[in-house]
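In what follows, a single structure is set out as structure tokens and then discussed.
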Amino acid sequence: FIVFFFLMIRRPPRSTQSRSSAASDVYKRQEDSSNQIVGYVLAKIEEDEATNESYGHVTSLSVLRSHRKLGIAQKLMEQTHRDMLNIYDVGYVSLNVRVTNRAALGLYQGKLTYEIHEEEEKYYADGEDAYNMRKYLKPKKTEDQKVQQNQNQQGDEQKQQKVQENEQTQGTSSQEQQSQQGQKQNVQEEQKQQEDHEEDEKTDQDGGCLLYTSPSPRDS
């Protein structure tokens with residue numbers, strides 16, 4: 001899944017407004033006809049191979065230089081977190097950031113409560129390392145809870161497999177019963193045919209004596 005969030009706001013005139021007044025204008029005039037995109041966040045849904053659970057990953061966050069320090073980046077990220085949780089029910093959101101990007105680290109750690117999960121060496125094309133950071137939207141599961149969850153999943157799979165085996169066994173037994181019944185019917189039909197044949201032969205023999213008698217010479 002690819003999720004794209006963007007915020008459209010009107011660029012305030014620099015000559016007539018201070019930064020503080022521009023900040024209020026940013027959020028009050030989003031519907032203005034001269035709106036233009038000044039910031040966006042790009043994110044996607046992935047699956048954790050270790051836990052088979054879905055999580056969100058922010059791939060890009062950007063705000064025009066003229067509109068920075070107005071809370072736009074924080075607002076975009078908070079909206080992303082809400083949608084990730086409410087729509088996709090993810091457990092956490094991750095992102096990568098340069099280890100030297102102090103401004104971004106201040107936003108993620110200080111305002112958005114991200115945690116450093118691990119450091120990835122030479123993550124970027126220029127060879128710089130990156131922090132892989134995570135923000136948990138649900139209570140973090142302990143190792144014991146993960147083990148218990150895996151055991152429960154394995155137990156459910158074993159139960160399902162047993163049910164399928166029982167169904168197959170019952171199907172085989174039913175087929176065997178039908179086959180045995182068919183064989184029994186065939187034997188009964190053969191016996192009945194044999195009895196009818198013997199009865200016909202007996203009737204023919206008796207009928208030959210009773211229905212026709214050759215005249216003797218004395219009678220003639």
Side-chain angles (χ1 to χ4, degrees), residues 1-12 14 17-30 35-146 149:
F1 298 98
I2 301 296
V3 186
F4 183 67
F5 302 98
F6 62 89
L7 177 65
M8 294 182 64
I9 61 174
R10 185 174 73 85
R11 183 198 297 268
R14 294 185 181 180
Q17 293 184 335
S18 64
R19 179 169 293 274
S20 59
S21 61
S24 62
D25 187 64
V26 162
Y27 299 107
K28 289 182 180 179
R29 300 191 181 180
Q30 294 183 22
N35 284 348
Q36 59 182 302
I37 298 175
V38 297
Y40 73 88
V41 56
L42 184 64
K44 59 183 178 180
I45 305 298
E46 296 186 336
E47 186 174 287
D48 192 323
E49 295 180 355
T51 62
N52 293 326
E53 294 181 350
S54 297
Y55 69 94
H57 182 76
V58 176
T59 59
S60 181
L61 171 66
S62 180
V63 177
L64 283 180
R65 188 176 300 275
S66 59
H67 286 71
R68 293 178 183 175
K69 297 185 179 180
L70 301 177
I72 296 174
Q74 182 177 350
K75 183 176 182 180
L76 285 170
M77 290 294 292
E78 289 173 347
Q79 182 63 48
T80 301
H81 297 156
R82 286 193 294 270
D83 288 345
M84 288 284 188
L85 178 61
N86 296 333
I87 299 175
Y88 299 101
D89 194 34
V90 301
Y92 66 89
V93 179
S94 68
L95 56 83
N96 291 311
V97 60
R98 292 177 181 269
V99 296
T100 58
N101 192 342
R102 298 305 173 188
L105 289 170
L107 170 66
Y108 299 139
Q109 288 182 305
K111 297 181 179 180
L112 298 173
T113 65
Y114 274 76
E115 303 173 1
I116 296 177
H117 177 65
E118 61 182 354
E119 184 173 344
E120 300 184 21
E121 296 183 356
K122 299 181 180 180
Y123 178 83
Y124 294 99
D126 59 3
E128 185 174 353
D129 299 343
Y131 288 131
N132 178 268
M133 308 185 73
R134 292 184 179 182
K135 176 180 176 63
Y136 288 88
L137 307 180
K138 298 178 180 180
K140 189 187 302 185
K141 293 182 179 180
T142 64
E143 291 301 323
D144 292 339
Q145 289 175 327
K146 293 179 181 179
Q149 182 180 10

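Counting begins at 1 with the first residue of the sequence.
- With sequence neighbours left out, Glu115 forms a salt bridge (charged side-chain N to carboxylate O under 4.0 Å, His left out) with Lys140.
- Contact of the Tyr92 side chain with the Lys138 side chain is not registered, since no non-hydrogen atoms from C-beta on lie closer than 4.5 Å.
- Across all their heavy atoms, Asn96 and Ala130 have their closest contact at CB-CB, 4.5 Å.
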Would you tabulate the side-chain donor-acceptor contacts of residues 104-114 under 3.5 Å, counting partners in other chains and residues two or more places apart, or write 'none'?
from   : atom 1 : to     : atom 2 : distance (Å)
Thr113 : OG1    : Lys135 : NZ     : 2.7
Tyr114 : OH     : His81  : NE2    : 2.8

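- Between Ala73 and Leu61, the shortest heavy-atom contact is CB-CD2, 4.1 Å.
- The minimum heavy-atom distance between Ser54 and Ile45, with the atom names listed, is CB-CG2, 4.1 Å.
- Partners of Asn101 under the side chain to side chain donor-acceptor pair (under 3.5 Å) rule, at least two apart in sequence or in another chain, do not exist in this structure.
- Applying the 6.0 Å contact sphere to CD of Glu49 captures no more than 12 heavy atoms from other residues, nucleotides or ligands.
- Annotation: side-chain contact (heavy atoms from CB on, under 4.5 Å) contacts of Thr59 (sequence neighbours excluded): Leu42, Lys44, His57.
- In this structure, the side-chain contact (heavy atoms from CB on, under 4.5 Å) partners of Glu47, at least two apart in sequence or on a different chain, are Asn52.
- Taking both residues in full, the closest heavy atoms of Thr80 and Ala43 are given as CG2-CB, 4.2 Å, listed atom of the first, atom of the second, then distance.
- Remark: Tyr131 pairs with no residue by the side chain to side chain donor-acceptor pair (under 3.5 Å) rule, at least two apart or across chains.
- With hydrogens and angles disregarded, a donor-acceptor distance shorter than 3.5 Å links the side chain of Asp129 to the backbone of Lys122.
- With sequence neighbours left out, Tyr123 forms a ring pair (Phe, Tyr, Trp, His ring centres under 6.0 Å) with no residue at all.
- In this structure, CD on Gln74 lies 10.0 Å from CE on Met77, to the nearest 0.5 angstrom.
- Asp48 is linked by a salt bridge (charged side-chain N to carboxylate O under 4.0 Å, His left out) to nothing, counting only residues two or more places apart in sequence or in another chain.
- Here CD1 of Ile116 is found 13.0 Å from CZ of Arg134. Values are rounded to the nearest 0.5 Å.
- Counting all heavy atoms, side chain and backbone alike, Val41 lies closest to Val58 at CG2-CG1, 3.8 Å.
- Distance OG/Ser62 to NE2/His67: 12.5 Å, rounded to 0.5 Å.
- Under the side chain to side chain donor-acceptor pair (under 3.5 Å) criterion, Arg98 pairs with Asp126, Glu128, not counting sequence neighbours.
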